[in-house]
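One-based numbering, in listed order, for ligands and for the atoms of each.
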Amino acid sequence: MQLIDIGANLTHESFRHDVDAVLERAQAHGVGRLVVTGASREGNEGALELARNHPGRLYATAGVHPHHAIDYDDATDARLRELMREAQVVATGETGLDYHRNYSPREVQLAAFERQLIIAAEFGKPLFLHQRDAHDDFLALLRRYRDRVPAAVVHCFTDTREALHDYLALDCHIGITGWICDERRGTHLREFVREIPSNRLMIETDAPYLLPRTVRPQPSHRRNEPMYLLHICEEIARDRNEPVEVTAANSTATAQAFFNL
Ligand SMILES: [Zn+2]
C-alpha cells in the first residue's frame, strides 16, 4: 500500500534532530509522499526547504495558522505570494479560524484568513484549512471565496455530522487524523466517516501531534510520526466497512489529484 500523509508538521522542533530517520521509517511503512504543513512565517521557509531537499517525496504548504494571525502583516502577505510561485508549494494554508484557544483575537483571525483566501484565489492554489469552534464564521467566509479556488480541504476534521455536510455541500475535501482513533473523543467521527465520498477523503497524521491511541504499545515519547498513518487508515476502513486496501488506494488517489502531485 502506498499512502500520502497530507499533513505533517515536520518543521516542529521535535523533528529537528532526526527528520531523515523519520522519513525512512515512514517509507518503510508505506508513506512515500508527505505534504509538510507550513503554518507560520518561519515554518513556511522550513517546509519549503524540506520539500526542496526531498523532491518527489515531500511537498509543502505555505500559510499562517489562526494561532499566528496576529503576526500577519504586509510583509507576510508579500512573502506568501512569492512562495505560491514555488513548484514545491502545493497549497495555501494552513489558514482558517480557531476560536477554541483564541491565541489571536477573532477579528485578526478573520482578516488573516480572508487575505489568504484572496491569495489562493489569485494563484489558483487549493486551500489547506483549519477550523475549530468557529464553524459558522468559517463557513460564511469560505463560502464567499469557494467558487474562486480550485479545491479546499478542511484538515483534521473533528466537528459534527452537520458541519461535515456543510463542507461537503461546498465541495470541500475532508482530512481525517488520529483523532478518529481516540475512543474518548473521536467516536462520533466513526459513525459518519462513511458518509464522506471516497474522492473527498484524505488522511493525515498531523505529526507530532495526535498520536493514534490504537498504536500498541504507545511509544514512551508520545511523539506522533508519519509512520503511524496506516493506523488511521485502518480505523477509517473499519468504520467504512471496506478493505483497508480500498481506503488506502482511494485516499492516495484523492490526495494526488487534490495537490496535483
Ligand atoms: Zn490545524
Side-chain angles (χ1 to χ4, degrees), residues 4-15 34-44 46-47 50 59-72 76 80 89-104 106 108-110 112-117 119-120 125-135 137-139 141-142 149 151-160 163-164 166-167 172-182 185-186 189 193 196 200-212 223-226 228-229 232 255 258-259:
I4 299 175
D5 187 348
I6 69 148
N9 300 281
L10 294 184
T11 62
H12 189 272
E13 57 182 9
S14 67
F15 291 120
L34 298 90
V35 182
V36 182
T37 308
S40 66
R41 288 189 299 193
E42 320 76 62
N44 293 334
L50 275 168
Y59 304 86
T61 74
V64 175
H65 191 283
H67 289 344
H68 304 297
I70 199 85
D71 298 329
Y72 199 106
T76 312
L80 278 182
V89 174
V90 293
T92 306
E94 181 169 357
T95 180
L97 300 174
D98 192 317
Y99 295 172
H100 184 67
R101 302 203 196 273
N102 281 313
Y103 287 143
S104 292
R106 293 182 180 196
V108 175
Q109 291 189 38
L110 283 159
F113 182 24
E114 184 158 17
R115 290 182 81 171
Q116 292 174 84
L117 288 167
I119 289 175
K125 292 277 186 184
L127 283 160
F128 189 85
L129 299 170
H130 172 108
Q131 183 278 117
R132 195 150 178 217
D133 293 355
H135 175 67
D137 284 1
F138 177 91
L139 188 71
L141 193 47
L142 177 60
V149 294
V153 59
V154 181
H155 112 101
C156 192
F157 180 84
T158 59
D159 213 324
T160 62
L164 172 72
D166 284 340
Y167 298 141
C172 292
H173 287 62
I174 305 293
I176 298 288
T177 60
W179 194 282
I180 199 169
C181 301
D182 189 333
R185 56 183 186 172
L189 295 175
V193 72
I196 304 171
R200 289 292 174 272
L201 172 62
M202 300 190 282
I203 56 177
E204 47 175 337
T205 57
D206 208 23
Y209 313 112
L210 301 177
L211 176 70
R223 183 182 71 172
N224 193 10
E225 284 190 25
Y228 298 126
L229 187 62
I232 298 163
F258 180 89
F259 292 105

Fill in the blank from the handout: CG of L97 to CZ of R132, rounded to nearest 0.5 Å, is 14.0 Å
Handout entry: Note: D182-R185 ion pair, threshold 4.0 Å (strictly below)
Key = yes
Completion exercise
the Zn ion (ligand 1) has as its nearest N, O or S atom from E94 the atom OE2
Exercise for the section: Applying side-chain hydrogen bond (donor to acceptor under 3.5 Å, both in side chains) between N9 and each of D206, N224, T205, report the one that passes. Expected result: D206
Completion exercise
In this structure, OH of Y59 is separated from CG of L34 (nearest 0.5 Å) by 10.5 Å
Practice task
Using 2.8 Å as a strict upper limit, say whether an N, O or S atom of C156 approaches the Zn ion (ligand 1) that closely.
Solution key: no
Fill in the blank from the handout: Which atom of H130 is nearest the Zn ion (ligand 1), counting N, O or S only? It is ND1
